[in-house]
Amino acid sequence: FSMDTPLNQERSYAQLPGSLPVLNIVPVNDYKGLRNKKDEWFAMLPSAPGTEMFEPDTDHKAAPRDAAAHIAGWIKSIAAN
C-alpha cells in the first residue's frame, strides 16, 4: 500500500467529479479499520444524486458476491436517471 495509489481512499475520493454517483460498499463484517472510517470517508464522496452507502451482512472477501444483486439494481437506477 502506498499513499500515492488509488487504494488511498481519502485521496481518491477527493478527486472524484462532483456529479459522479458512487455506490460505497462496506460489509458489516469488514475489517475493523475500514468500518471505523466508513462514515468519514462516505462524507468525502460527491453528494450527487444516487450516491449511497450499502452495508451487506457479509465480510470483506464475500462482499462482491453477496452485494451483486444490490449493485445491479443500483446501476439500473442510475442508468434510468
Side-chain angles (χ1 to χ4, degrees):
F1 175 76
S2 168
M3 295 301 287
D4 296 330
T5 70
L7 293 175
N8 180 336
Q9 286 179 279
E10 292 178 14
R11 182 172 171 252
S12 295
Y13 286 7
Q15 295 176 356
L16 295 173
S19 62
L20 180 70
V22 176
L23 176 59
N24 192 52
I25 299 173
V26 185
V28 170
N29 298 311
D30 207 343
Y31 302 116
K32 186 176 181 178
L34 296 176
R35 294 283 310 162
N36 290 341
K37 299 285 279 183
K38 71 179 180 72
D39 293 323
E40 178 184 341
W41 286 344
F42 186 73
M44 297 174 72
L45 290 171
S47 58
T51 293
E52 174 187 338
M53 184 184 312
F54 178 57
E55 299 179 76
D57 188 15
T58 191
D59 61 24
H60 189 86
K61 291 182 180 179
R65 178 197 64 221
D66 294 345
H70 189 88
I71 294 166
W74 181 84
I75 291 169
K76 287 177 186 175
S77 72
I78 296 300
N81 291 322

(message) Against Pro56, only a single residue in Val28, Val26, Asp30, Ile25 fulfils side-chain contact (heavy atoms from CB on, under 4.5 Å); can you say which?
(response) Ile25

(request) Could you list the residues that satisfy side chain to side chain contact (heavy atoms under 4.5 Å, CB included) with Gln15, not counting sequence neighbours? (result) Arg11

(request) Please identify each residue that fulfils side chain to side chain contact (heavy atoms under 4.5 Å, CB included) with Ala68, with sequence neighbours left out. (result) none

(message) Between Leu16 and Pro46, is there a side-chain heavy-atom distance shorter than 4.5 Å?
(response) yes

(request) For the residue pair Leu23 and Thr51, establish whether any side-chain heavy-atom pair is separated by less than 4.5 Å. (result) no

Check residues 69-81 and write down every donor-acceptor pair under 3.5 Å in which the side-chain atom is one partner and the other belongs to a residue at least two apart or another chain.
| unit_1 | atom_1 | unit_2 | atom_2 | d |
| --- | --- | --- | --- | --- |
| His70 | NE2 | Glu52 | OE2 | 2.6 |
| Trp74 | NE1 | Gly50 | O | 2.8 |
| Ser77 | OG | Trp74 | O | 2.8 |
| Asn81 | ND2 | Ser77 | O | 3.0 |

(message) Applying salt bridge (Lys or Arg N to Asp or Glu O under 4.0 Å), can you list everything that pairs with Lys61, at least two apart in sequence or on another chain?
(response) none

(request) Any salt bridge (charged side-chain N to carboxylate O under 4.0 Å, His left out) involving residues 35-46? Give me the pairs, sequence neighbours left out, ordered by first then second residue. (result) Glu10-Lys37, Arg35-Glu55, Lys37-Glu40, Lys38-Glu55

(request) Could I get the full list of side-chain hydrogen bond (donor to acceptor under 3.5 Å, both in side chains) partners for Asp66, not counting sequence neighbours? (result) Thr58

(request) Indicate yes or no for a side-chain donor-acceptor contact from Ser12 to the backbone of Asn8 under 3.5 Å, with no hydrogens or angles considered. (result) yes

(request) Take Asn24 and Phe54 through the side-chain contact (heavy atoms from CB on, under 4.5 Å) test and state the conclusion after the steps. (result) CA-CA 6 Å; Asn24 192 52; Phe54 178 57; over 6 Å; no

(message) Show the nearest heavy-atom pair for residues Ala48 and Pro21, with the distance to one decimal.
(response) CB-N, 3.9 Å

(message) Please list all pairs meeting ring-ring contact (aromatic ring centres under 6.0 Å, His included) that have one or both residues in residues 10-50, counting only residues at least two apart or in different chains.
(response) Tyr31-His60

